[in-house]
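Atoms considered below: every heavy atom in the structure, side chains included; atoms not considered: hydrogens, waters and symmetry mates. When a ligand or atom number is given, it counts from 1 through the structure's own listing order.
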Amino acid sequence: MIATVKDGRITKLQGDPNHPITRGALCERTKNYVRRVEDPDRLTTPLIRTGTVNPKSPRSAFKEITWEEALELCASKLIQFRRESGPESIFHYQCGGSLGILKKLNGWFFDSFGPCTTKRGNICDGPGYAAQELDFGSSESNDLSDLENAETILLWGKNPNVSNVHLIPFLKQALKRNTKLISINPIRHATSRTCDLVIQPRPGTDPFLALALAGVLFEKGMVDSGAAKWCENLPEYRAMVECRTPSDWLKPTGVELSVVEKLAELYGSGPATILCGWGMQRRANGGACIRLLDSLAGISGNIGIPGAGVSFYCGRTSGFNLSFLKGVAAVPRTLSEPRLGAEIMAAHDPPVRMVWVTCANPVVMLPDSGKVAQALQSREFTVVSDSFLTDTAQCADLVLPTTTMLEEDDLIGSYGHYWISDVRKVVEPAKGARSDLEIFTQLAERTGIGAAFPYDEEGWKERIVRDLEPLGISPKRLRKESVRKPFAPKVVFEGRKFPTPTGKMNLIHKLPTSVPSPSPEFPLYLLSNSISSTQGSQASNGAQTGPTEARIHPETAAAIGKGQISDGESAVLESEWGNLKVEVIFDDRVHPEAVVVPKGGWHFRGRSANALIAARVTDLGEGACYLDETVRLRPAAR
Ligand SMILES: Nc1nc2c(c(=O)[nH]1)N[C@H]1C(S)=C(S)[C@@H](COP(=O)(O)OP(=O)(O)OC[C@H]3O[C@@H](n4cnc5c(=O)[nH]c(N)nc54)[C@H](O)[C@@H]3O)O[C@H]1N2
Ligand SMILES: Nc1nc2c(c(=O)[nH]1)N[C@H]1C(S)=C(S)[C@@H](COP(=O)(O)OP(=O)(O)OC[C@H]3O[C@@H](n4cnc5c(=O)[nH]c(N)nc54)[C@H](O)[C@@H]3O)O[C@H]1N2
Ligand SMILES: [Mo]
């Protein structure tokens with residue numbers, strides 16, 4: 001990104017035209033970061049709790065204190081809890097935030113001071129990542145530029161217009177070459193308009209769609225005759241696929257056999273790439289779902305060659321030397337991220353007495369918002385560092401104001417491509433804000449672990465980039481330009497050789513489970529999807545007022561009862577666990593068995609989807625079953 005700065009203020013933020021992926025474009029949510037820097041709601045001083053939070057005026061429950069007082073208090077609490085109950089009584093939680101590499105040092109502080117309790121699992125990509133590690137030995141993807149070799153591209157559960165806009169130019173180029181585009185998604189998104197085939201399966205049934213497709217590929221002899229050479233468990237896999245007919249597999253999906261036959265033709269005939277969205281892995285069968293997509297690539301030979309593959313991830317941190325993070329004894333205790341609220345409260349021997357949250361807003365972003373809030377509020381001492389008084393910060397005893405990514409130095413990798421970049425402070429930090437690294441470096445000194453934090457930002461960058469130096473990538477070069485990691489292959493698993501113990505890929509051969517079925521009482525799946533304007537919950541105050549929007553198919557409203565639920569009117573969205581007031585919007589692109597709400601709605605404003613979502617764990621990778629929750633809509637009391 002390029003920031004234009006005048007008189008110490010950012011006047012413009014734009015993409016870097018020389019960056020080969022972003023090509024000068026920025027997504028809407030990132031453009032909004034300029035506003036976040038100067039947002040009047042920015043925290044400007046540490047705050048200590050003096051009373052109970054009233055969501056209407058949350059700040060009034062806090063009193064301002066100096067940084068000196070705040071750091072002294074943190075140091076004394078950390079030392080006290082470690083002495084009295086051991087370091088496991090302190091829990092550090094971090095999620096996405098800015099995804100800067102130097103943010104790993106926050107965890108390093110707690111490892112060095114403790115090791116303290118940390119989280120286990122991954123609510124973002126856990127199931128899919130674990131699935132690909134099992135199948136291929138690693139979760140990596142062909143270079144984006146390799147899409148030019150694909151005859152067919154499947155956007156399986158992916159909505160690039162909202163959550164991966166930098167893919168769009170690559171898709172447009174593919175369309176010019178007459179590449180076939182397919183969307184498989186319970187919602188028809190903007191990209192569907194340019195697709196040759198649009199399939200809207202019932203939510204959560206993709207594993208069965210994949211089994212049906214595999215069945216058709218076997219039936220029609222469209223399986224690569226060499227598959228046994230690179231696939232482990234082929235007979236077992238085939239037996240699983242053929243234990244039912246394709247039509248039988250399709251029953252739960254609502255998809256017609258003729259559509260899957262067309263899909264098989266497109267997928268089985270030329271190099272075909274599956275671009276995986278991440279929504280469908282946030283389900284009880286999410287790991288199996290990605291494994292079944294991997295297996296399609298395996299049997300059809302769509303792997304290890306140009307234009308093929310199952311793209312899920314690009315190893316965001318690969319190449320950076322983070323070996324120092326493993327320098328401490330194994331972490332003594334972990335808590336499951338998807339079940340965080342309950343796990344914090346249930347922990348004993350020792351109990352969790354202190355929680356410190358960095359780069360995260362778990363009250364809004366983790367399932368069972370209410371329980372997460374309760375868990376944080378009921379600790380002896382909860383610290384949250386953030387730039388804003390988020391729902392999570394409102395549950396803290398002490399809030400520390402931090403810098404945003406435009407006010408600090410860092411390094412960054414990507415989920416979706418192999419380029420890495422330097423992050424540089426473009427303006428001075430807002431009044432009173434300190435970076436996480438500054439905070440933990442200062443605390444390290446006060447808690448007797450100063451030796452664990454020997455460097456400034458530049459020193460850490462050198463330490464972390466040092467494995468890349470022999471490849472010609474130095475911090476100095478990164479200051480000038482973004483660089484593609486030279487070891488990242490253009491085509492992964494080339495020659496169909498996999499980094500698994502046998503060198504072959506592993507085909508899944510255990511049947512996937514079904515996701516919970518909607519019941520007459522709760523007949524609709526709740527899909528909480530990314531929206532263009534915001535990263536997660538990082539919205540402006542003004543954007544979080546009034547009821548959140550809920551999109552449904554007009555037929556869904558009709559099924560509820562004539563005139564009960566109307567377009568543009570308010571209604572109540574209820575799950576077994578809670579309810580939200582919503583504004584209903586009719587949208588015929590939505591599957592009739594789904595309700596779509598934005599992800600990241602603020603909890604204390606009554607807009608958090610996660611207030612309705614139970615804390616359940618996925619089949620692999622300890623993710624959260626965000627999208628399995630079933631709900632109903634009822635008319636608001638008039
Ligand atoms: N604007 C914006 N962009 C973002 C983010 C953001 O918050 N805002 N978040 C970033 C982050 S942290 C991540 S991890 C990625 C998230 O990447 P994704 O999870 O891919 O992002 P979403 O756009 O939320 O997409 C979820 C998709 O899954 C589809 N889906 C839901 N259930 C099913 C199903 O059963 N089957 C199929 N086939 N599809 C299903 C939904 O319709 C939706 O299109 O995006 C990143 N990009
Ligand atoms: N219902 C539902 N829930 C979801 C999802 C979903 O699809 N549906 N998606 C999930 C996914 S993919 C993800 S990745 C998670 C994201 O979960 P989070 O990462 O917790 O979500 P964000 O809303 O981005 O909150 C990040 C917070 O960190 C702060 N922050 C940013 N940079 C920094 C920093 O450098 N230092 C500090 N101390 N703070 C910083 C921001 O101000 C913000 O308040 O949410 C998950 N939750
Ligand atoms: Mo994520």
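The shortest heavy-atom distance from Gly600 to ligand 2 is not under 4.0 Å. Taking 4.0 Å as the cut-off, Met405 does not count as a neighbour of ligand 2 on heavy-atom distance.
Ligand 2 has no N or O atom lying under 3.5 Å from any N or O atom of Leu366, backbone or side chain. For ligand 2, none of its N or O atoms has an N or O atom of Thr358 under 3.5 Å away. Taking distance alone, with nitrogen or oxygen atoms compared against 3.5 Å, Trp278 approaches ligand 1 more closely than that limit. No N or O atom of Ile123 sits closer than 3.5 Å to an N or O atom of ligand 2. At under 3.5 Å, not a single nitrogen or oxygen of Arg202, backbone or side chain, sits near a nitrogen or oxygen of ligand 1. At a 3.5 angstrom cut-off on N or O pairs, Asn185 counts as close to ligand 1. Remark: ligand 2 and Tyr415 share no N or O pair separated by less than 3.5 Å (distance only, no angle test). An N or O contact shorter than 3.5 Å links Val162 to ligand 1 by distance.
A 6.0 Å sphere centred on CD of Glu256 holds no more than 12 heavy atoms belonging to other residues, nucleotides or ligands. For Lys371, the NZ atom counts as loosely surrounded, since its 6.0 Å shell holds 12 or fewer non-hydrogen atoms of other residues, nucleotides or ligands.
Protein heavy atom at the shortest distance from atom 34 (C) of ligand 2 is Asp436 OD2, 3.4 Å. Of all protein heavy atoms, the one lying nearest to atom 19 (O) of ligand 2 is Gly96 N, 2.9 Å. In terms of protein heavy atoms, atom 20 (O) of ligand 2 is closest to Asn361 N, 2.8 Å. The nearest heavy-atom contact from the protein to atom 31 (C) of ligand 2 is Gly97 CA, 3.6 Å. At the top of the distance list for atom 32 (N) of ligand 2, counting protein heavy atoms only, stands Ser98 N, 3.5 Å. Given atom 33 (C) of ligand 2, the protein heavy atom at minimum distance is Cys359 SG, 4.1 Å.
Among Val597, Asp386, Asn106, the residue whose heavy atom sits closest to atom 43 (C) of ligand 2 is Asp386. Atom 7 (O) of ligand 2 has its nearest heavy-atom neighbour, among Gly536, Ser528, Ser385, in Ser528. The option with the heavy atom closest to atom 47 (N) of ligand 2, from among Lys103, Arg42, Met365, Gln94, is Met365. Of the listed options Pro160, Gly157, Pro203, Gly157 places a heavy atom closest to atom 27 (C) of ligand 1. When the heavy-atom distances from atom 25 (O) of ligand 1 to Ser163, Gly128, Gly277 are ranked, the shortest goes to Ser163. Residue nearest to atom 2 (C) of ligand 1, selected from Arg283, Lys599, Arg29: Arg29 (by heavy-atom distance).
Looking only at distances, a side-chain donor or acceptor of Thr382 sits under 3.5 Å from a matching main-chain atom of Leu376. Put simply, the side chain of Ser575 gets close to the backbone of Leu612: a donor and an acceptor are under 3.5 Å apart.
Residue-ligand proximity, Cys124 to ligand 1, at heavy-atom distances under 4.0 Å covers atoms 14 (S). Those atoms of ligand 2 with a heavy atom of Asn610 less than 4.0 angstrom away are 1 (N), 2 (C), 3 (N). Annotation for ligand 1: atoms under 4.0 Å from non-hydrogen atoms of Ser532 are 1 (N). In summary, the atoms of ligand 2 found under 4.0 Å from a heavy atom of Thr390, numbered by their order in the structure, are 44 (O). Interface atoms of ligand 1 facing Arg282, defined by a heavy-atom separation under 4.0 Å, are 14 (S), 16 (C), 19 (O). Shown in contact with Asn159 at under 4.0 Å from a heavy atom are these atoms of ligand 1, numbered in order with element: 44 (O). Annotation for ligand 1: atoms under 4.0 Å from non-hydrogen atoms of Leu627 are 31 (C), 32 (N). Per-residue contacts place Gly204 under 4.0 angstrom from the following atoms of ligand 1 (heavy atoms of the residue considered): 34 (C), 35 (O). The atoms of ligand 1 that sit less than 4.0 Å from any heavy atom of Ile531 are 1 (N), 2 (C), 8 (N). Residue contact check: Ile187 has heavy atoms under 4.0 Å from atoms 42 (O) of ligand 1.
Between His166 and His19, the distance from one ring center to the other does not fall under 6.0 angstrom.
Under the 4.5 Å side-chain criterion, counting only non-hydrogen atoms from C-beta, Arg283 is not in contact with Pro512. Side-chain contact between Val423 and Ile101 is absent, with no heavy-atom pair separated by less than 4.5 Å. Side-chain contact check for Arg282 versus Leu527: every heavy-atom pair is 4.5 Å or farther apart. Using a 4.5 Å heavy-atom threshold, the side chains of Ile123 and Cys95 count as touching. Under the 4.5 Å side-chain criterion, counting only non-hydrogen atoms from C-beta, Arg616 is in contact with Glu629.
Among the candidates Arg424, Lys461, Lys425, the single residue satisfying the side-chain hydrogen bond (donor to acceptor under 3.5 Å, both in side chains) test with Asp409 is Lys461. For the side-chain hydrogen bond (donor to acceptor under 3.5 Å, both in side chains) with Gln132, the qualifying choice from Ser141, Ser139, Ser311 is Ser139, the only one to do so. Checking each of Phe113, Phe381, Phe440 against Trp356 for a ring-ring contact (aromatic ring centres under 6.0 Å, His included) leaves exactly one that passes, namely Phe440.
The proximity of Gln535 to ligand 1, defined as any non-hydrogen pair under 4.0 Å, involves the side chain as well as the backbone. With a heavy-atom cut-off of 4.0 Å, Thr534 touches ligand 1 through its backbone alone. Residue contacts with ligand 2, taken as heavy atom pairs separated by less than 4.0 Å, involve Arg36 solely via side-chain atoms from C-beta onward. Heavy atoms of Thr402 found under 4.0 angstrom from ligand 2 belong exclusively to the side chain.
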Step-by-step salt bridge (charged side-chain N to carboxylate O under 4.0 Å, His left out) determination, Glu622 to Arg339: CA-CA 10 Å; Glu622 216 158 343; Arg339 302 188 62 252; over 6 Å; no

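Distance check for atom 15 (C) of ligand 1: every protein heavy atom is found at 4.0 Å or beyond.
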